There are 2 protein chains.
Amino acid sequence: MSNALSGKGRVSAELIERIRAKASEVGYVPSQAGRALRTGRTGVLGLVLPDISNPLFPQIAQAIEYAASNIGYGVLIADSRGEVAMQTEAVNRLIEQDVEGIVIVPRRGTRIADIGCPVAVIDSPSTPGNTVAADHWQGGQEIVEHLTGLGHRNLVLIGNNPASNVQNDRIGGMKSRIPSDGKAEVLWIEPLEQEWGKGCLLGLAGKVAEGFTAFVAVSDLHALRALTELHRAGIGVPEEASVTGFDDLLWSSVVTPGLTTMRMDMPRIAEIAVGALARVIEADCPETSRTATGTVASVEMTKVPMQLVVRQTTAPAASPTPEMSPQTPEGKCLC
Amino acid sequence: MSNALSGKGRVSAELIERIRAKASEVGYVPSQAGRALRTGRTGVLGLVLPDISNPLFPQIAQAIEYAASNIGYGVLIADSRGEVAMQTEAVNRLIEQDVEGIVIVPRRGTRIADIGCPVAVIDSPSTPGNTVAADHWQGGQEIVEHLTGLGHRNLVLIGNNPASNVQNDRIGGMKSRIPSDGKAEVLWIEPLEQEWGKGCLLGLAGKVAEGFTAFVAVSDLHALRALTELHRAGIGVPEEASVTGFDDLLWSSVVTPGLTTMRMDMPRIAEIAVGALARVIEADCPETSRTATGTVASVEMTKVPMQLVVRQTTAPAASPTPEMSPQTPEGKCLC
DNA sequence: TTAATTAGATTAAACGTTTAATCAGATCTG
DNA sequence: CAGATCTGATTAAACGTTTAATCTAATTAA
């Protein structure tokens, strides 16, 4: 009844105590529904992901949930399962559930329309309307600096799909740090698989024969693939070739050798994202919560630096490879 | 106002149409808060996980979210981040958010107390109070049947922690299918790491020297570790040794060679779990939703069979290994 | 023709909370 | 001491929905 007065208004300490006592005696818990109806605040944020089965989803979800619960919000999840149509449908489901704001990790190439509630976008700094993201470009730079610092000059950059902003940023950053006396070749997996079938070999052995000494993947997933393919071909990692990934997925540390990779500061990113949401929510609320303008474009976009995690898949480049001329002419996919 | 009458009561088709028109004209969306207050139904389920960073969390979350949204429920997530204390705290946060039921994947060894709302537990059939789970025992049986069918007789079973019900079930099932002319040795990783440090070698090369031809892990994570360790030691997979995992994590298909593993039927499990919840919710609701009895113990526990996924890490056992005597005497951890 | 039934529309009450408004008593001021 | 001020408690209104109840007019039956 007046329990809420425990903060506002004027009540005697004695009364407040009596209420408290009775409350816990009866096991009273305030109903969120009632509060929500009166105040228009549900205390719930939505989180929509392009595809929950994305391996780095756990990091995102965990960080968002943590950041949200820290400032008193719950997190309602929705999965667009990769389909772009379901993305808007998921958003609709969330706003029907009266979420006060939405954190969205958009599917590749998707633009988030102005919906009726505050939105924070986590994608890549190159995405229009983005709110916060890891600095993928800087991450790309740092990983190749690490490799060039070890003496590597000829790098194979491994990506999956050139349509991804994130992947492009990472590869862009990598390229920008290739020394003038070195060279880099980009290898896109998806087109390759279009032609040779899913799970095909990437022809990495051929690359080392051509003189490449390092394989720089845009994701630990692809790094793992490279790692095992090289192992299989009898090429020692890191003695004969170095391999790096991105994202520091869980298993990066359990493979042998441990994978050198770049890690995002997810807790930070999540904190910024939900923080931005909370700010516009708590600002807009007094007036017209239903008519909230949509995107949190007002708050300037933030880039969070990535961090290098050095493990065992990187080592100094093999001595200037005496036979560096292309011995195996075909660098093709060996599928 | 009477929009809801669109289902109950008696209204003319004409009026119903007029309402609809006006509604969409004004862009009216019914407020969940109001409905929740009146009906006591929030349409939200909670999902609490022992540790979101668990790599198979995506599968669980995705499946639960899908099953829930299919029958009109939203899913609020909560992470107990491994700490048992936070598990109950997470549950409390959820019920404060007025969830109508909770799906919980309990932390190892945790027992779920009777809280004030319906609960479905997903763990292992050996866990008391469990509602639904994959049939880990059967999974263990099937994977070794696959291996013995290929002629393997001496298997190393790799687990992490003997305190896990799930792992014990799997290993139990495995053991139950070891043929009389074969042998099996269990290798627990966690105690090993206690002694030799995290990420230490498991001494697998020694095992193949002793005559073991197959490594059966309780998780793809450990299988991956075994796979790379064997590769590293120059032991061919699957020519010289077979390796299998569990759970069919995302990357199981991208490693080279692709990992043979057992997959849970998560969609099915999720459907059963949220189905059970929905049933008791919709039954209890009319009377006393606040006084719901707690666990969904009433509905009998269900075991969902696991499915074998054969890829390339398993092959017929090498010809009866002529030199099967233990050449490398030390089977110790080589860390 | 009148009373009884009924379809369809309108009104009212209730859910549990918060916030504003009202009220009674006490302290203070002129 | 009377009127003004203030403190703390109590009461009332409102949020948006659903469900029950009331009300009107029209159709049917006697």
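All values below were derived from every heavy atom in this structure, side-chain atoms included, with hydrogens, water molecules and symmetry-related copies excluded. Sequence lines set the chain letters: A, B, ... in the order given, protein chains first and strands last, and positions in each chain run from 1. Not measured: the values here are computed from a predicted model.
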My understanding is that only residues two or more places apart in sequence, or in another chain, count here; which of them pass salt bridge (Lys or Arg N to Asp or Glu O under 4.0 Å) with [X]?
| X | result |
| --- | --- |
| A:E25 | none |
| B:D247 | B:R170 |
| A:R93 | A:E89, B:E65 |

How many Å lie between [atom1] on [X] and [atom2] on [N], as a whole number?
| X | N | atom1 | atom2 | result |
| --- | --- | --- | --- | --- |
| A:R41 | C:dT17 | CZ | C1' | 15 Å |
| A:I16 | D:dT7 | CD1 | C1' | 15 Å |
| A:E14 | D:dT10 | CD | P | 10 Å |
| A:Y28 | C:dC15 | OH | P | 14 Å |
| B:R38 | C:dT17 | CZ | P | 16 Å |

- Message: With heavy-atom distances below 4.5 Å as the criterion, would you say the side chains of B:S124 and B:N130 are in contact?
- Response: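 With C-beta onward as the side chain, the pair stays apart.
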Among the nucleotides [options], which one has an atom lying closest to any side-chain atom of [X]?
| X | options | value |
| --- | --- | --- |
| B:R35 | D:dT17, C:dA9, C:dT18 | D:dT17 |
| A:T39 | D:dC15, C:dT18, D:dT17 | C:dT18 |
| B:L15 | C:dT17, D:dT17, C:dA9 | C:dA9 |
| A:L37 | D:dT17, D:dG16, C:dA9 | D:dG16 |

- Query: Listed by chain and number, what are the side chain to side chain donor-acceptor pair (under 3.5 Å) partners of B:N160, not counting sequence neighbours?
  - Reply: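 Side chain to side chain donor-acceptor pair (under 3.5 Å) list for B:N160, sorted by chain: B:E190.
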- Can you name the ring pair (Phe, Tyr, Trp, His ring centres under 6.0 Å) partners of A:W137, sequence neighbours left out?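 By the ring pair (Phe, Tyr, Trp, His ring centres under 6.0 Å) rule, A:W137 matches no residue at all.
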- Which angle, rounded to 10°, do you find between the first-five-pair axis and the last-five-pair axis of the helix from C:dT1-D:dA30 to C:dG30-D:dC1?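 Between the axes fitted at each end of the helix from C:dT1-D:dA30 to C:dG30-D:dC1 lies an angle of 60°.
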- Query: Starting at the 5' end of DNA chain C, which residue's closest nucleotide do you reach first, B:R18 or B:G34?
  - Reply: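 The residue closer to the strand's 5' end, by nearest nucleotide, is B:R18.
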